[in-house]
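Structure first, commentary second.
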2 protein chains.
Amino acid sequence: MQRSADPELACPVAPVVDIVFSRWTTPILWALHEHGRQRFVELERRLTSITPKVLTQRLRQLERDGLVARTYYAEVPPRVEYEITELGASLGPLFAHLATWADAHLPAVEQARSAYDTR
Amino acid sequence: MQRSADPELACPVAPVVDIVFSRWTTPILWALHEHGRQRFVELERRLTSITPKVLTQRLRQLERDGLVARTYYAEVPPRVEYEITELGASLGPLFAHLATWADAHLPAVEQARSAYDTR
DNA sequence: CCGTATCCGAGGAGATACTG
DNA sequence: CAGTATCTCCTCGGATACGG
């Protein structure tokens with residue numbers, strides 16, 4: 001975090017990158033978007049290699065930025081559910097665009113890497 | 001880097017994120033896209049707070065991924081020029097989309113943060 | 001000019017243990 | 001269940017200094 005010192009002020013996409021593309025945020029948003037409202041453990045199981053500590057950190061950040069909503073139910077045992085907000089859902093077309101680019105150009109990147117490495 | 005362990009295999013945008021949105025890559029690509037072909041020092045001056053080491057690292061990564069092209073001129077003093085490739089330029093619409101989202105929704109994020117913090 | 005070599009500190013990640 | 005609390009390990013970014 002704290003990437004936006006001053007160089008990126010000239011780069012209009014920099015602020016978004018900090019919010020949307022920090023570590024683990026896209027998989028979390030994707031899981032929430034694809035499978036809807038779900039509990040902490042469900043997310044934890046879906047993101048197979050994340051630890052509860054980090055998952056909590058990222059969820060808090062996303063909640064603070066208004067992309068994810070957290071609902072606490074005072075039951076026994078306690079239940080907490082997370083869901084994507086309207087603001088978070090507004091990223092949908094952007095992610096779709098990203099996926100489209102990936103389909104079209106990822107092979108070229110792979111090819112460039114091979115060419116670069118075998119040299 | 002090395003973000004794509006396994007959890008993100010389920011997230012189709014994850015691979016792109018590693019390539020395009022690692023630290024400093026968007027400002028570099030933006031500078032190259034806006035001001036065209038330029039030398040190492042020009043980039044260094046434009047990205048005011050980057051160090052030569054990191055700039056070199058990122059440029060190498062971008063070159064390896066085929067997003068940036070490096071041209072070396074064996075002169076005295078030496079001259080090296082960087083420019084965005086066709087593949088790199090194909091990210092243009094995506095960045096535009098990002099900038100659009102920023103214009104539309106960044107205020108909402110700021111507002112969410114304020115609301116979250118004053119609580 | 002265009003980098004590389006070194007050292008350092010911050011932050012992410014893993015493991016483990018413990019509450020309400 | 002849904003976290004928080006430590007502690008350690010380790011990678012990466014930043015700063016500084018030097019070399020072809």
Side-chain angles (χ1 to χ4, degrees), chain A residues 1-8 11 14 17-28 31-32 35 37-64 68-83 116, chain B residues 1-8 14 17-28 31-32 35 37-65 68-83 116:
Chain A
M1 244 78 56
Q2 195 58 17
R3 282 206 262 213
S4 15
D6 54 278
E8 334 210 344
C11 174
V17 173
D18 283 349
I19 295 169
V20 181
F21 299 106
S22 22
R23 178 97 232 245
W24 281 112
T25 53
T26 51
I28 292 174
L32 250 25
H35 304 94
R37 183 189 184 91
Q38 53 197 295
R39 327 177 67 171
F40 189 86
V41 266
E42 297 185 77
L43 281 170
E44 196 177 353
R45 272 192 284 263
R46 238 182 272 280
L47 312 170
T48 49
S49 69
I50 200 172
T51 60
K53 185 185 74 171
V54 175
L55 179 56
T56 303
Q57 289 174 347
R58 297 290 93 134
L59 283 171
R60 290 288 183 279
Q61 177 192 335
L62 290 169
E63 187 192 0
R64 187 173 105 98
V68 160
R70 177 181 185 269
T71 314
Y72 176 81
Y73 300 90
E75 307 172 347
V76 186
R79 180 160 58 100
V80 176
E81 289 183 350
Y82 293 91
E83 66 185 327
Y116 185 95
Chain B
M1 246 74 56
Q2 195 56 16
R3 283 206 263 214
S4 14
D6 53 278
E8 336 208 343
V17 173
D18 282 350
I19 295 167
V20 180
F21 299 107
S22 22
R23 178 95 232 242
W24 284 112
T25 54
T26 53
I28 292 174
L32 250 24
H35 303 94
R37 183 190 184 89
Q38 53 197 296
R39 324 177 72 176
F40 188 86
V41 266
E42 297 184 79
L43 280 170
E44 196 177 352
R45 271 192 285 262
R46 237 182 272 281
L47 311 170
T48 50
S49 68
I50 201 172
T51 60
K53 185 188 80 171
V54 176
L55 180 55
T56 302
Q57 288 175 345
R58 297 291 90 135
L59 284 170
R60 290 286 184 280
Q61 178 192 336
L62 290 168
E63 188 192 356
R64 189 172 103 98
D65 289 344
V68 160
R70 177 181 184 269
T71 314
Y72 176 82
Y73 299 92
E75 305 174 351
V76 187
R79 181 162 57 101
V80 177
E81 290 184 351
Y82 294 92
E83 66 185 328
Y116 185 94

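Checked options B:R46, B:E81, B:R45; the residue passing with B:Q38 is B:R46 (criterion: side-chain hydrogen bond (donor to acceptor under 3.5 Å, both in side chains)). With A:E44 as the fixed residue, the side-chain contact (heavy atoms from CB on, under 4.5 Å) test singles out one of A:L55, A:T56, A:T51: A:L55.
Ring geometry for B:F40 versus B:Y82: interplanar angle of 30 to 60°, hence tilted.
One can place CZ of B:R79 at 13 Å from P of C:dC1, the figure rounded to the nearest angstrom. In this entry the distance linking CG of A:D18 with P of C:dG11 reads 14 Å, nearest Å. Computed from coordinates, the B:E42 CD to C:dG3 C1' distance equals 16 Å when rounded to whole Å. With rounding to whole Å, B:F40 atom CZ is found 18 Å from D:dG20 atom P.
Judged by distance alone, with hydrogens and angles left aside, the side-chain atoms of B:T25 form a donor-acceptor pair with the main-chain N or O of B:V20 at under 3.5 Å.
Phosphate proximity of C:dC2 to B:T56: absent, as no side-chain N or O sits under 4.0 Å from OP1 or OP2. Taking side-chain N and O atoms only, B:Y82 has a distance below 4.0 Å to OP1 or OP2 of C:dG3. The side chain of A:R39 places no N or O atom within less than 4.0 Å of a non-bridging phosphate oxygen (OP1 or OP2) of D:dG3. Using a 4.0 Å cut-off, no side-chain N or O of A:R70 falls inside it from OP1 or OP2 of D:dA2.
Between A:R60 and B:Y116, some side-chain heavy-atom pair lies under the 4.5 Å cut-off. For the pair A:C11/B:W24, no side-chain contact is recorded, criterion being any heavy-atom separation below 4.5 Å from C-beta on.
Across its full length, the helix from C:dC1-D:dG20 to C:dG20-D:dC1 shows an angle of 50° between the axes of its 5 terminal pairs at either end, rounded to 10 degrees.
Residue contacts shown for A:Y73 are absent, as no nucleic acid heavy atom lies under 4.0 Å away.
Here the side chain of B:V80 is nearest to one of C:dT4, D:dA2, C:dC2, namely C:dC2.
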Walk along nucleotides 13-20 of chain C from 5' to 3' and tag each nucleotide B, S or - by protein heavy-atom contact under 4.0 Å, base first, then sugar-phosphate.
BB-----B
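Under the rule for a salt bridge (Lys or Arg N to Asp or Glu O under 4.0 Å), the partners of B:E83 that lie at least two apart in sequence or sit in another chain are B:R37.
For B:R58 against B:S22, the heavy-atom pair with the smallest separation is NH1-CB, 4.4 Å.
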